[in-house]
Amino acid sequence: MKFTRLGIHGFKSFCDATDILLEPGLTGIVGPNGCGKSNLVEALRWVMGESSYKAMRASGMDDVIFSGSGHRPGRNSAEVTLVLDNEDRTAPAPLNNADVLEVTRRIEREAGSVYRVNGREVRARDVQLLFADSSTGARSPAMVHQGRVGELIAAKPVQRRALLEEAAGISGLYSRRHEAELRLKAAEQNLERVDDIVGQIESQLDTLKRQARLAIRYRGLSGDIRKAEAALFHLRWVKARVAEKETEAQQGQQVRVLAEAIHRERNAATLLEAAEAKLTPLRQAEAEAGAVLQRYRIMAEQLEDEIRRLSARRHELEERIKQINADRARETDLVAEADAALASAGEEIAALNSEAENEREASEEARAAAEASAAKLAEAEQAARAAADALSALKARRAAAERAVAETESRVEKLRQEIVGIETELAAVGAALAGDSTVAVKQESLAAAQEMAEIAEQKAVAAEQDNAARQASLDAARPALSECETALGRLESEAATLAR
């Protein structure tokens, strides 16, 4: 198998797309520690079908994707492409259709990886067989990594056997043998499952045979049962027809009884209407007399209210007259006090004049006293004028109060006369009503009509009770009739079905 090119994009430390040409001869890659030389070997193993993330020195298969650095962001996918020379056509038959095979493995974060050969999607198993047939692969001893030489030297016989088998070119055969064994085991399991299904079908067949025999027996018994049921339904139909006729006869009797009760009820209603027709004029006359009496009572109540209001007004005016008399007595006392003050002031003036003639030395004091007396005199005169004004106002208020009292007394006397006239008229109306023979006759007719109405009402109540009793008996008979009609309908439909 000849490798011609290795393309890496986003795998571990290879962020950018990198192509490595593998020319004829020896191709070597050198560099310091940590530059990514081991990532090339891991890229080869990964594209050849390595499925263990531990072999990739990672904690998960998604860790093979470039995770970013201080200057570059991380990527979401990684892709490794290995180009093979297939001019000798030694590839497996499904893939042996071109001179160049381009094996690609692409992984996306949290989505798994996909294998493609020449752009066509294939299984991981197909890629592993492709490399196993050429004595190489992801875990082949030909893939040498760090410490691999020491492992080969210290290898156990079993591990050395794998090395020799791969050198002999039969490792692909072992892989195909393992796959064929798995297919054989799956075929054996399918055959065992088929045997189980055949056994189940045989048991179901026995059950179906038994059910078929039961169905045949059931069909025969069903025919006998239908014949017996037809005879039974015919007997029930005959019995229901007889019961229907009896119920119809009872219904006719109940209808006749109901008609009689309705007739009696109508007669009682007619008598009641006639009594009410006779009673209507009497009730109207009674209503008119009651309305006149009620109107007179309302007028009497209004007059009594007016009398009470006038009495209250009279009492109020008397109180005001008393208050006016008290105010006049107080003003009279004030006038008397003012006259006494004037008399004393005149006496003081006379004394001062006599003292002025005898004593010239005290003239200034006398003048001052005279001025004070004059001021007091002016105040007294002003008080006297105010008292006179108040007295005149009181006299005017008293005159107005006296006029109001006179008017109130005249109005009260007029209302009393109206009350006497209304009472006289009311007595005359009562006497007229008592002496009117037509009213007495109408009252007797009213009493007789009321008695007849009571009798008619009693008859109507009795008729209603009788009607209710007969209606109850009719209602009690209706369920049986409806049941019979229902049974009759059902039996008729069954008879029609049996006839068909």
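This is a predicted model, so every value here is computed, not measured.
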Atom pair [atom1]/[atom2] of [X] and [Y] - distance to nearest 0.5 Å:
X	Y	atom1	atom2	result
Arg219	Arg217	CZ	CZ	15.0 Å
Thr81	Arg106	OG1	CZ	10.0 Å
Ser493	Trp237	OG	CH2	12.0 Å
Arg120	Thr104	CZ	OG1	13.0 Å
Glu248	Glu244	CD	CD	4.5 Å
Leu272	Asn267	CG	CG	12.5 Å

May I ask you to decide if [Y]'s main-chain N or O and [X]'s side chain share a donor-acceptor pair within less than 3.5 Å?
X	Y	value
Asp63	Ala58	no
Asn190	Ala186	yes
Arg105	Trp46	yes
Lys54	Gly60	no

Any side-chain heavy atom of [X] sitting closer than 4.5 Å to one from [Y]?
X	Y	value
Met61	Ile107	yes
Val117	Glu102	no
Leu101	Leu130	yes
Leu258	Ile262	yes
Arg57	Lys12	yes
Gln251	Gln254	no

[X] to [Y] - nearest heavy-atom pair and separation:
X	Y	value
Cys15	His9	O-CD2, 3.4 Å
Asn97	Asn118	OD1-ND2, 4.3 Å
Gly10	Ala78	O-CB, 3.2 Å
Ile8	Ala43	CD1-CB, 3.9 Å
Ser77	Glu108	CB-CG, 4.0 Å

Check: Is the number of heavy atoms from other residues, nucleotides or ligands within 6.0 Å of CZ (Arg109) greater than 12?
Finding: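 Result for CZ/Arg109: enclosed.
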Notebook entry, point to check: So with a 6.0 Å cut-off around CD of Glu121, is the heavy-atom count from everything else above 12?
Noted result: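 Buried by this count: over 12 neighbours within 6.0 Å.
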Notebook entry, point to check: Picking from Val122, Leu82, Val47, what satisfies side chain to side chain contact (heavy atoms under 4.5 Å, CB included) with Val127?
Noted result: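 Answer to the side chain to side chain contact (heavy atoms under 4.5 Å, CB included) test with Val127 among Val122, Leu82, Val47: Val122.
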